[in-house]
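Structure first, then comments.
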Amino acid sequence: MNMPNTDALEKLCRSCQKPLKGRADKKFCDDFCRNQYNNSMKSGPEKLIRSINAILRKNRKILQEQLKLTEKTIAVHRDKLRLSGFQFKYITSQYQTKKGLTYFFCYDYGYLLLENDWLLVVRKK
Ligand SMILES: [Zn+2]
């Protein structure tokens with residue numbers, strides 16, 4: 001027995017997690033596993049996770065667009081973001097300054113609440 005050790009390269013079926021045999025680009029054991037996997041992606045927690053990821057990505061893109069012209073910060077009215085499709089309840093993190101101001105972030109872009117429904121859009125450095 002002088003088999004090369006391929007354990008580290010062994011690929012697992014995305015559906016049942018069993019080791020795959022055969023072609024290197026195989027992702028599933030068979031059609032059954034493929035269908036199981038595709039169905040699980042269409043419903044349940046995977047669907048929820050993907051839809052929230054899409055909202056966060058869109059929120060980030062909207063914030064990014066506000067800063068397109070100025071690379072610094074910009075004051076934007078809440079309604080402008082909302083009309084662009086920004087969903088305020090979805091953020092990835094928040095940061096509180098020593099002065100007690102709270103920044104809300106979607107990845108590397110974020111905002112600070114100002115008075116009268118204005119926001120200061122910022123980018124993490
Ligand atoms: Zn499988």
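Positions are given from 1 along the sequence. Just follow the structure's listing: the first ligand is 1, and inside any ligand the first atom is 1.
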Enumerate donor-acceptor pairs with a distance under 3.5 Å from any side-chain N or O in residues 18-29 to protein atoms, sequence neighbours excluded.
unit_1	atom_1	unit_2	atom_2	d
R23	NE	D25	OD1	3.0
R23	NH2	D25	OD1	3.4
K26	NZ	K21	O	3.1

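Within the protein, the N, O or S atoms sitting under 2.8 Å from the Zn ion (ligand 1) are C13 SG, C16 SG, C29 SG, C33 SG.
Listed for the E46 side chain is no donor-acceptor partner under 3.5 Å among the backbone atoms of K42.
Side-chain contact between L112 and T102: absent, with no pair of heavy atoms (C-beta onward) separated by less than 4.5 Å.
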Exercise. Side chain to side chain contact (heavy atoms under 4.5 Å, CB included) between D117 and H77: does it pass, once the steps are laid out?
Worked result: CA-CA 6 Å; D117 284 340; H77 196 269; 3.7 Å; yes
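Taking the six-membered ring for Trp and the full ring otherwise, the centers of F88 and Y111 sit less than 6.0 Å from each other.
The minimum heavy-atom distance linking L12 with Q17 is given by the pair CD2-O, 3.5 Å.
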